[in-house]
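Read the structure below first, then the notes.
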Amino acid sequence: MAEPALRVTAIGIGYLGLTHAVCMADLGHQVLAIDVDQDKVAKAAQGEVPFFEPGLEALLRKNLDAGRLRLTSSFAEVGAFGAVHFLCVGTPQAPDGRADLSYLHAAADALAPHLAAPCLVAGKSTVPVGTARAVAQRIRAAAPAGAAAELAWNPEFLREGHAVADTLRPDRLVFGVSSARAEALLRQVYAEPLAAGVASLTMDLETAELVKVAANAFLATKISFINAMADACAAAGADVARLAEALGYDERIGRRFLAPGLGFGGGCLPKDIRAFRATALELGVPSVAGLLGEVDAINESRRALVAAMAREEAGGSLAGKRVAVLGAAFKPNSDDIRDSPSLDVCARLTRQGAVVTVHDPAALAKAAQAQPQLRYASSVTEAASGAELVLHLTDWPDYQALDPGALAAVVARPVLIDARCSLDAALWHAAGWSVRVPGRPGLG
Ligand SMILES: NC(=O)c1ccc[n+]([C@@H]2O[C@H](COP(=O)([O-])OP(=O)(O)OC[C@H]3O[C@@H](n4cnc5c(N)ncnc54)[C@H](O)[C@@H]3O)[C@@H](O)[C@H]2O)c1
């Protein structure tokens, strides 16, 4: 590392915070991480990652062993330790759709009284525009260092499933700052990726906060756009998979995030667009509020559409029908089930009397805890045995490698709904399956 190592802290060690703490240590910094969840602190200190994230556990152990990363439960220790403190706590959705900032405020309030020396507090959580300035005031008022405890916003763009690579080599770094000193400190933190050519953009606090929510709003809009096109295809007897493929060749549009199907879920996109919509209404920006309301409504409608398709394929009633579901996580390569479209569909089917058995390569334990009324199977064959309907709801690469012929032999009826529009429909059809895909003509 060209620049000297810094003393860095991570406050909150969930998906974002633990990844950030580990990667900062791996960049050579001395890192101290804290969480109010003592179980998470104890597990991380033992080298255990309490969620599925490829590559993270090995890197955690490496940096614990190297003595660059430590865990604590003491805010006094954190406050005294860090030159840069990263706020990584959750900002979940409140019942009214806004962001619940109580964790962020609690973290700032716990940290501030221990900031006696000049330092930088850098927010990484996703927040409504205006939050950073309010948190800055809160910290300045309570910190013994006063204005020398400065605030910056450095939003995070990592994707679960690719979190390590995204943190070590992000597409870009966004520095929302109020001073040259704050920018210099962030440049020192990220000296290694910057030297490797990662782009950085320095801006005011408000623009940095908005960059993050605007990025998520755009991605969500792209997904809902192609799903609206799936509705048009269904009405016109056209094929949304071919449409998306053809659109994707246009480099102004691009192929990514143009996958039709069950739509988005997880701990970020849904709550972030709802929070942004609420902010837009408060700020008097009807264009953003209207757009995001429609994006959200199109996305939500996918779940009802797939459940209705299942009922139709079951002959009009799901009562007592055995349904196998492939995938429980909100997306592949993750065990995150927050606002999982798959589990939402499962709940809809169960309410109609279906007997649902779910398979997932990584998320079974979390799913079983959240939805104990469902049955769970540790293999696809076990889930599919005796099923009258198979639903593909999370796009794990494992499911691309399934043998449709072998599965046809264990189900009661070979009927597949590929709600992720990603399995090889012709291959499944050739193996004897009737295949339904939202927005595509049916096969068989
Ligand atoms: N998960 C992602 O892919 C991702 C990507 C980019 C941005 N973000 C944003 O990052 C933030 C965190 O998301 P996450 O997915 O890591 O959430 P998470 O729920 O996995 O983790 C949040 C952690 O904060 C801890 N916490 C709560 N209050 C605390 C306090 N007062 N002091 C210390 N720790 C506290 C919780 O115990 C928890 O471990 C959110 O704003 C989210 O929108 C997440």
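These figures come from a predicted structure and were not determined experimentally. For the single chain, residues carry numbers from 1 onward in sequence order. First listed ligand is number 1; within each ligand, the first listed atom is number 1.
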Go through ligand 1 atom by atom and flag the ones less than 4.0 Å from a non-hydrogen atom of Glu160.
1 (N), 2 (C), 3 (O)
Can you tell which part of Cys88 has a heavy atom less than 4.0 Å from ligand 1: side chain, backbone, both or neither?
backbone
Electrostatic pair Glu156:Arg172 at N-O distance under 4.0 angstrom:
no
Got a sec: does the OH of Tyr103 have more than 12 other heavy atoms crowding it under 6.0 Å?
no
Test of understanding: given a 4.0 Å heavy-atom threshold, classify the contact between Val127 and ligand 1 as side chain, backbone, both, or neither.
neither
What protein heavy atom sits nearest atom 30 (C) of ligand 1, and how far away is it?
Val36 CG1, 3.6 Å
Can you check whether Asp37 has an N/O within less than 3.5 Å of an N/O in ligand 1?
no
List the closest protein heavy-atom neighbour of atom 36 (C) of ligand 1: residue, atom name, distance to the nearest 0.1 Å.
Asp35 OD1, 3.5 Å
Heavy-atom check, side chain of Val22 versus side chain of Leu69, under 4.5 Å:
yes
Return yes or no for this condition: an N or O of Arg338 is under 3.5 Å from an N or O of ligand 1.
yes
Ionic contact status for Glu245 with Arg255, cut-off 4.0 Å:
no
Is Asp296 salt-bridged to Arg274, cutoff N-O under 4.0 Å?
yes
Distance to 0.1 Å, residue and atom name: give those for the protein heavy atom nearest to atom 4 (C) of ligand 1.
Cys268 SG, 3.5 Å
Do any nitrogen or oxygen atoms of Phe75 lie less than 3.5 angstrom from nitrogen or oxygen atoms of ligand 1?
no
Go through ligand 1 atom by atom and flag the ones less than 4.0 Å from a non-hydrogen atom of Gly14.
16 (O), 18 (P), 20 (O), 21 (O), 23 (C), 39 (O)
Would you mind checking which non-hydrogen protein atom is closest to atom 43 (O) of ligand 1, with the distance to 0.1 Å?
Lys271 NZ, 2.6 Å
What's the shortest distance from atom 7 (C) of ligand 1 to any protein heavy atom, and which residue and atom give it?
Thr126 OG1, 3.5 Å
Is Glu192 salt-bridged to Arg169, going by a charged N under 4.0 Å from an acidic O?
yes
N/O to N/O below 3.5 Å, does that happen between Arg159 and ligand 1?
no
Measure the shortest side-chain to side-chain distance between Phe86 and Val189 over non-hydrogen atoms and say whether it is less than 4.5 angstrom.
yes
Closest approach of any protein heavy atom to atom 5 (C) of ligand 1, naming residue and atom
Leu158 O, 3.4 Å
For the 3.5 Å polar cut-off, considering only N or O atoms, please tell me whether Lys212 and ligand 1 meet it.
no
Could you find the nearest protein heavy atom to atom 10 (O) of ligand 1 and give me its residue, atom name and distance?
Leu16 CD2, 2.9 Å
Protein heavy atom at shortest distance from atom 27 (C) of ligand 1
Tyr103 CD2, 3.7 Å
Using a strict threshold of under 4.0 Å (side-chain N to carboxylate O), is an ion pair present between Arg348 and Asp344?
yes
Do any nitrogen or oxygen atoms of Glu156 lie less than 3.5 angstrom from nitrogen or oxygen atoms of ligand 1?
no
Answer yes or no: are there more than 12 heavy-atom neighbours, outside Glu251 itself, under 6.0 Å from its atom CD?
no
Would Arg338 pass as a cation-pi partner of Phe330, given that its NZ or CZ must be under 6.0 Å from the six-membered ring centre and within 45 degrees of the axis?
no
Report the part of Lys124 (side chain from C-beta onward, or backbone N, CA, C, O) that has a heavy atom under 4.0 Å from ligand 1; answer both or neither where that applies.
neither
From atom 24 (O) of ligand 1, work out which of Leu269, Thr91, Val89 has a heavy atom at the shortest distance.
Val89
Does CZ in Phe157 sit with more than 12 non-hydrogen atoms of other residues, nucleotides or ligands closer than 6.0 Å?
yes
In terms of its nearest heavy atom to atom 38 (C) of ligand 1, the top option of Gln38, Glu53, Lys40 is Lys40
Would one find more than 12 heavy atoms of other residues, nucleotides or ligands at under 6.0 Å from atom CD of Gln369?
no
State, yes or no, whether a side-chain contact exists between His85 and Val78 at a heavy-atom distance under 4.5 Å.
yes
